[in-house]
Amino acid sequence: MTSDGWPLWEVFVRSRRGLSHTHAGSLHAPDAEMALRNARDLYTRRSEGVSIWVVPSTEITASSPDEKDPFFEPAADKPYRHPTFYDIPEGVKHL
Amino acid sequence: MTAVTADTAGTTGVPGVSDAAVAAEQAAHEAVFDAAVAAEERIEPRDWMPEAYRASLVRQIAQHAHSEIIGMQPEANWITRAPSLRRKAILMAKVQDEAGHGLYLYSAAETLGTSRDELLDKLHSGRQKYSSIFNYPTLTWADVGAIGWLVDGAAITNQVPICRCSYGPYARAMVRVCKEESFHQRQGFEALLALSQGTEAQHAMAQDAVDRWWWPSLMMFGPPDDESTHTAQAMAWKIKRHTNDELRQRFVDIAVPQAEALGLTLPDPDLRWNEERGHYDFGAIDWTEFWDVLKGNGPCNDQRLSKRRQAHEDGAWVREAAAAHAEKHKHTGKHGEAQA
Amino acid sequence: MSSTPDTHEAATSTGAALALGDDALILSHRLGEWAGSAPVLEEEVALANIALDLLGQARVLLSLVGDEDELAYLREERSFRNVQLVEQPNGDFAHTIARQLYFSTYQHLLYGQLASGDGPFAGLAAKAVKEVAYHRDHAEHWTLRLGDGTTESHERMQRACDALWRYTGELFQPVEGLDVDHAAMESAWLASMTDILGRATLTVPSGPRTGAWAAGAGRQGLHTEPFGRMIAEMQHLHRSHPGATW
């Protein structure tokens with residue numbers, strides 16, 4: 001997907017130190033350096049970020065909704081992966 | 001592998017599969033889609049969706065995006081004449097936001113498989129519309145205030161429910177837009193208040209602007225419910241949450257006390273509180289004017305569109321240059337300078 | 001003019017604040033004229049950011065001298081102290097970028113020096129130098145893309161660099177009250193231009209860098225013809241309502 005030969009980029013912003021980058025949106029830019037600058041101007045003009053990643057949209061490989069069940073359902077019946085699965089006698093600490 | 005955007009997953013026919021099987025698959029997809037919408041889940045770009053839903057979203061998001069960028073013009077008209085440096089900074093930031101909002105919305109439309117180029121092309125050739133409100137001129141500085149108060153006020157009334165739209169990328173774009181726009185209406189109100197409480201000439205300027213912008217603002221909610229062609233389906237799909245008339249009433253109810261606080265009158269002799277309904281009654285809207293402006297006969301239709309086209313054409317060589325530069329340097333990535 | 005060293009210092013730093021404040025005010029205004037006409041939406045946002053940074057700088061600087069609005073809206077053309085470069089009309093995008101490149105490189109050097117000193121502008125320069133570093137970076141990136149883009153963009157960018165070259169000498173005329181090494185700034189500026197224009201496959205212009213008019217230029221209140229129209233537009237509403245608040 002291009003705009004006059006300018007590809008689409010996905011923008012990820014770290015809102016403050018200690019947090020992960022999260023998807024903020026997308027934009028068009030001719031190259032990575034300009035994409036980064038456009039992202040700074042567009043997605044952090046209200047001090048929303050301290051670090052930015054830009055990725056060409058075409059470089060993202062996504063799971064397909066058709067594969068949703070084989071991908072994600074098998075994880076649903078394994079509650080023993082969560083700490084709340086286990087009964088611990090009252091009064092036991094640091095566990 | 002496909003990109004997350006612009007994907008129309010799952011609609012291609014597979015050779016050797018019977019029509020009946022295709023129809024059954026289609027029905028199964030529709031059932032999943034309908035259930036997701038009914039359960040208030042969000043539809044995401046790669047999900048199967050009815051083609052009519054996709055087309056309807058593209059139409060609405062594009063119109064919304066076009067309105068943001070055409071809407072820059074009437075206000076940009078006053079940037080160079082803003083009467084104080086404080087107002088100038090506010091106005092520049094607001095017009096800048098509108099460019100940003102157009103950008104967020106074009107991005108949302110792109111997730112449906114339509115490029116920004118295609119959408120701009122349709123805008124420039126008149127095949128897609130933008131909000132008719134921007135076909136009215138900004139004749140005085142007070143119009144900047146009136147646009148902020150009334151036009152942005154109406155837009156916000158329209159947009160807040162879209163934050164819960166069934167299509168994820170549109171809903172997320174609207175959350176960002178609404179958050180950023182919260183200052184737009186306030187600055188308009190504040191600018192009008194300063195005029196209303198200012199000199200006699202300033203007060204008159206404010207009243208004149210409100211007189212001119214009130215009715216077109218009410219028209220922004222679109223035709224009455226019984227004449228709106230898209231409303232029923234859009235509500236069923238949860239693209240739209242309230243009817244045009246419901247939103248219009250909500251806006252009038254909010255605006256009347258604000259006008260009183262401004263010390264300005266609204267140009268409608270029939271405007272009065274209806275105890276029984278719990279709402280303000282208001283006079284008849286001149287829908288002839290609405291349809292006429294929509295068809296292209298507004299005071300600024302030609303001007304707005306030709307300015308937009310001109311900017312796009314004037315910028316073509318710049319966009320081409322950057323693309324050519326990227327192509328030349330795609331293997332090196334940089335320009336020969338040492339990169340830390 | 002003044003009798004005591006203190007008032008003399010105040011007067012000279014007032015003159016310097018006006019010079020720097022007017023530079024920022026006028027360039028911001030010119031960039032504001034782009035609103036709605038930028039080559040691409042992303043650039044609308046970028047140009048507005050730069051304009052808003054400059055307007056912010058102008059307001060701080062003018063407020064050091066007096067009331068910001070009185071100074072912006074009620075002075076006559078001959079009282080503005082900005083360099084002629086910043087008042088030059090936008091032209092095409094190449095002209096705007098060349099103007100940005102020349103000016104922001106100068107401003108970056110200037111604020112860098114002011115920020116490292118202990119003069120009256122050190123505080124505001126420390127903040128502004130970061131903003132200006134970004135303006136310079138923006139101009140550099142566009143210069144590289146336009147210069148080394150298509151044949152058309154190369155020609156346009158070269159034309160723009162050539163046309164604005166004659167306004168760059170004024171940037172390094174000493175300004176009373178600015179305790180900076182103008183000669184060092186000028187050589188650093190020239191080195192920077194040689195580097196950037198070279199990488200952009202452009203030729204460093206060879207023409208004169210100042211006009212032939214002995215009376216001076218913008219810092220002496222002598223401006224180019226388009227400037228009068230620009231401030232007429234800027235000031236007319238404010239002046240039409242004397243004493244009004246907005």
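Letters go in sequence order (proteins before strands), and every chain restarts at 1. What you see below is based on every heavy atom in this structure, not just the backbone, and it leaves out hydrogens, waters and symmetry mates.
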Worksheet item: With only heavy atoms counted, which part of B/Glu180 is less than 4.5 Å from chain A, the side chain, the backbone, both or neither?
Response: both

Practice prompt. Would you mind checking if B/Lys122 and B/Asp117 are paired as a salt bridge, meaning a charged N to carboxylate O distance below 4.0 Å?
Written response: no

Fill in: Most chain A-contacting option - heavy-atom pairs closer than 4.5 Å, from B/Glu327, B/Arg172, B/Gln96
B/Gln96

Worksheet item: Would you say the ring centroid of B/His101 lies under 6.0 angstrom from that of B/Tyr104?
Response: yes

Discussion item. If I measure from the heavy atoms of chain B, does A/Ala24 come under 4.5 Å with its side chain, its backbone, both, or neither?
Written reply: both

Discussion item. Using a strict threshold of under 4.0 Å (side-chain N to carboxylate O), is an ion pair present between B/Lys94 and B/Glu98?
Written reply: yes

Practice prompt. Examine A/Tyr80 together with A/Tyr86 and report whether their ring centres are nearer than 6.0 Å.
Written response: no

